[in-house]
**Student:** 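Provided herewith is a single structure, encoded as structure tokens, for subsequent inquiry.
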Amino acid sequence: MRELTGPTRYIVRCWLAVTAAVHFYFTFAGFPEPLKLASLHLALAVPPVFLIYPARRSSPRSRPSVVDAVLAFLALLPSVYIYLNTARIYARSPFLDAPTTVELVLGTVMTLIVLEAVRRALSMALSILVGIVIAYMFVCDLLPGIWYYRDLPFAQVVDITYLMNGSGLYGQLTGISATVVASFLVFGAFLQASGMGRLFMNLGTFLAGRYAGGPAKVAVVESGLFGMTSGSSVANVVVTGGVTIPEMKRLGFTPQLAGGIEAASSVGGLIMPPIMGAAAFVMAEMISVPYLSIVQSAILGAFLYYLGIFVSVHFQSKRLGIDALAKDEIAGVRDILKDIHFAIPLVVLLTLMTMGFSPYFAAFWGTIAVVASAWLRSHSRMGPATILNALVDAGATIGVIAVAVAAAGIITAGLTSTGLLIAFTGIIKMLAGDSLLLLVLLVAVSCLFLGMGVPTTPAYIVTAAIGAPLLAEQSSASLMAIHLFVLYFAVLADATPPVAAASYAAAAIANANPLKTGVQAFRMAVGGFIVGISFIFEPGLTLDGTVWEIGTTLLAVSSGIVLISLAYVGFTDRPLSMWLRLILFFGGAACALWHSAPELLRGLAGYGLLLATLYGPRLRDMSFRTAL
């Protein structure tokens with residue numbers, strides 16, 4: 001990202017602040033009709049991307065080039081055209097009414113603009129994926145077998161990507177980005193600007209700083225709390241990792257381990273209730289359920305994910321001999337109470353959503369509550385400069401998410417219009433045969449592959465389009481459980497080598513090998529993979545069942561996660577032999593994933609094996625000394 005100077009800096013900051021302010025205004029005053037809203041959203045959000053993000057490493061860092069300015073102007077024109085011609089777009093029949101020459105040109109320009117914006121602001125991987133889908137639409141009539149689709153003239157490709165009402169660049173996904181996602185990005189930006197990070201840091205040291213491996217456990221707590229408001233695992237790593245990674249290294253963690261802990265913890269913020277980042281709001285719109293229902297269904301999964309990280313961190317700390325934080329570095333109750341007023345916005349948000357108000361209405365009043373509650377204490381008051389900075393940060397994030405969602409809109413429109421989506425699902429079904437477990441594993445791998453190098457929100461959208469219908473057809477799991485499964489694997493792609501965006505960001509801060517850091521993050525995040533798969537087979541994980549069923553499910557899955565985490569570390573109060581680690585690993589996998597066995601039996605067996613591992617050698621040593 002550029003550090004702009006001079007007049008350009010003020011122009012861009014004003015544009016970003018206006019972008020956030022317009023979206024914030026709509027959350028209270030009401031939204032325009034869908035096509036006008038989507039076009040206005042992209043008209044405001046896309047142009048600044050070219051001014052903020054350089055084309056190459058060698059590009060100027062303090063100012064945009066002439067080419068950047070031209071691209072920013074070109075990014076404005078196609079969306080303005082749609083905004084001014086919504087009546088024509090609504091009235092025309094796609095594929096029957098030929099696009100005008102102007103529409104062909106603008107549609108081509110906008111598609112190329114989004115490809116370049118994604119490449120600059122997000123990743124080459126997503127840009128390439130969009131390019132492949134577009135290229136497929138031009139050659140699909142030349143391909144054999146299930147890859148074949150009828151010839152699509154250039155005008156029809158433009159219809160699919162640019163002019164088709166309800167899909168493509170200005171479709172439903174962009175509408176979700178302009179409403180729910182944008183409103184919560186503004187809310188999250190204000191939370192971060194208000195100083196809530198200080199409350200999270202103090203709470204982390206208070207809860208975890210006094211135990212073995214204190215710095216790492218503080219990083220886990222802080223990253224999880226901060227990550228649920230940031231909506232980006234990479235942003236979470238950059239903000240919290242700048243503090244936690246050097247501290248972990250100072251006290252004895254290896255650079256790759258410190259980076260891996262931070263990456264896994266930051267990724268988990270996107271599945272941490274009550275906010276869960278932007279993708280969960282997209283899920284609420286896609287499956288038409290109240291957002292609060294998603295929050296409730298995700299509670300146990302988030303607990304189990306962080307349980308696995310805490311177990312790993314605890315025993316890694318014991319292996320490395322790393323103790324608690326010094327007493328003067330641990331926050332007290334007074335430090336927490338100093339910023340406890342920042343809990344008011346979260347209470348307001350959840351209360352309004354519980355009462356049945358729309359998510360963006362709740363986000364509006366939650367944002368107002370951030371500013372109001374900040375003024376309750378003199379040290380946290382938000383003046384005009386702080387509010388402006390929050391709007392600028394929100395506008396910049398809205399731009400990045402907007403181009404990502406627009407790219408996802410092109411992908412989903414191309415997949416559904418050509419039937420390629422059916423081809424993908426057919427291949428997966430053929431490979432899985434009659435095995436539901438194999439189908440789940442194949443969909444999970446597909447989600448990880450499609451999510452590598454892609455931000456969580458578009459990764460979830462694309463993978464949900466492919467994986468969710470398959471699982472809904474073949475399994476008895478609820479739609480909620482299926483989409484949580486997809487969301488988990490879209491999120492975990494950020495911590496999965498070889499393309500692990502969060503791990504790469506953490507490695508850069510830690511001065512560590514990115515691949516080794518990714519491996520450590522993958523091992524730390526093992527609980528997320530287990531929970532994701534278990535969503536399909538264990539209704540109790542989404543609180544669907546009796547208290548007994550939920551409790552025994554929690555017992556079984558948690559025992560498996562603890563055993564596998566311990567097997568990875570290979571240390572309790574002494575090193576564990578390789579044969580014992582293998583027993584722990586396969587025993588943990590059986591406890592968590594052998595779904596045909598009763599949950600209570602699996603849970604009791606798992607925790608029995610854990611107790612035998614932790615205390616068996618001590619009892620043997622005591623018996624031996626007694627015999628002597």
Side-chain angles (χ1 to χ4, degrees), residues 13 16-25 27-28 180-207 218 221-232 235-244 266 269-270 272-278 281 331-353 359-398 400-401:
R13 283 175 60 84
L16 294 174
V18 168
T19 299
V22 167
H23 286 85
F24 182 66
Y25 169 77
T27 60
F28 176 75
V180 178
V181 174
S183 62
F184 274 88
L185 290 176
V186 173
F187 175 67
F190 271 78
L191 276 181
Q192 294 171 39
S194 68
M196 179 169 272
R198 184 173 57 248
L199 173 63
F200 290 157
M201 184 66 180
N202 289 335
L203 190 60
T205 61
F206 177 78
L207 293 174
V218 169
V221 174
E222 183 187 0
S223 297
L225 293 173
F226 183 85
M228 69 179 179
T229 63
S230 73
S232 167
N236 195 14
V237 168
V238 172
V239 174
T240 62
V243 176
T244 59
S266 296
L270 302 180
M272 170 67 77
I275 299 180
M276 298 177 64
F281 296 104
V333 174
R334 182 174 297 178
D335 298 310
I336 295 173
L337 293 178
K338 185 179 179 181
D339 293 312
I340 196 64
H341 55 290
F342 286 127
I344 295 174
L346 297 179
V347 173
V348 169
L349 180 79
L350 294 176
T351 300
L352 289 175
M353 294 182 71
Y360 33 83
F361 182 81
F364 172 84
W365 286 108
T367 305
I368 297 297
V370 172
V371 180
S373 60
W375 274 81
L376 294 176
R377 305 294 295 271
S378 59
H379 70 277
S380 63
R381 288 171 184 163
M382 299 177 68
T386 305
I387 292 174
L388 177 62
N389 288 334
L391 288 172
V392 170
D393 291 342
T397 309
I398 287 171
V400 173
I401 296 298

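When reading the values below, keep in mind they use all heavy atoms of this one structure, side chains included, and skip hydrogens, waters and symmetry mates. The structure displayed is predicted, hence computed values, not measured ones.
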**Student:** Which pairs would a plain distance check flag for residues 360-369, meaning a side-chain donor or acceptor within less than 3.5 Å of a matching protein atom at least two apart in sequence or in another chain?
**Tutor:**
residue	atom	partner	partner atom	Å
Thr367	OG1	Ala363	O	2.7

**Student:** Hey, is the main chain of Ala390 close enough, under 3.5 Å, to the side chain of Asp393 for a donor-acceptor pair?
**Tutor:** no
**Student:** What pairs with Ser380 under side-chain hydrogen bond (donor to acceptor under 3.5 Å, both in side chains), at least two apart in sequence or on another chain?
**Tutor:** His341
**Student:** According to side chain to side chain contact (heavy atoms under 4.5 Å, CB included), who are the partners of Val370, at least two apart in sequence or on a separate chain?
**Tutor:** Phe187, Phe190, Leu191, Ser194, Pro345, Met382
**Student:** Using 0.5 Å steps for rounding, measure from the CZ atom of Phe184 to the CG atom of Leu349.
**Tutor:** 4.5 Å
**Student:** Under the side-chain hydrogen bond (donor to acceptor under 3.5 Å, both in side chains) rule, what pairs show up with a residue in residues 342-351, not counting sequence neighbours?
**Tutor:** none
**Student:** For Leu391 and Ala20, work out which heavy atoms get closest and say how close.
**Tutor:** O-CB, 3.3 Å
**Student:** Please find the pair of heavy atoms, one from Ala394 and one from Leu185, that lie closest to each other, and give the distance.
**Tutor:** CB-O, 4.1 Å
**Student:** Tell me, with the steps shown, if Ser373 and Leu376 meet side-chain contact (heavy atoms from CB on, under 4.5 Å).
**Tutor:** CA-CA 5 Å; Ser373 60; Leu376 294 176; 4.3 Å; yes
**Student:** Can you tell me how far CG of Leu16 sits from OG1 of Thr397, rounded to the nearest 0.5 angstrom?
**Tutor:** 9.5 Å
**Student:** Sorted by first residue and then second, give each salt bridge (Lys or Arg N to Asp or Glu O under 4.0 Å) pair with at least one member in residues 183-201; sequence neighbours left out.
**Tutor:** Arg198-Asp339
**Student:** Please identify each residue that fulfils side chain to side chain contact (heavy atoms under 4.5 Å, CB included) with Ile336, with sequence neighbours left out.
**Tutor:** Leu199, Asn202, Leu203, Phe206, Ile340
**Student:** Please name all residues satisfying salt bridge (charged side-chain N to carboxylate O under 4.0 Å, His left out) with Arg13, sequence neighbours left out, ordered by chain then number.
**Tutor:** none
**Student:** How far apart are the closest heavy atoms of Thr386 and Ala193, and which atoms are they?
**Tutor:** CG2-O, 3.8 Å
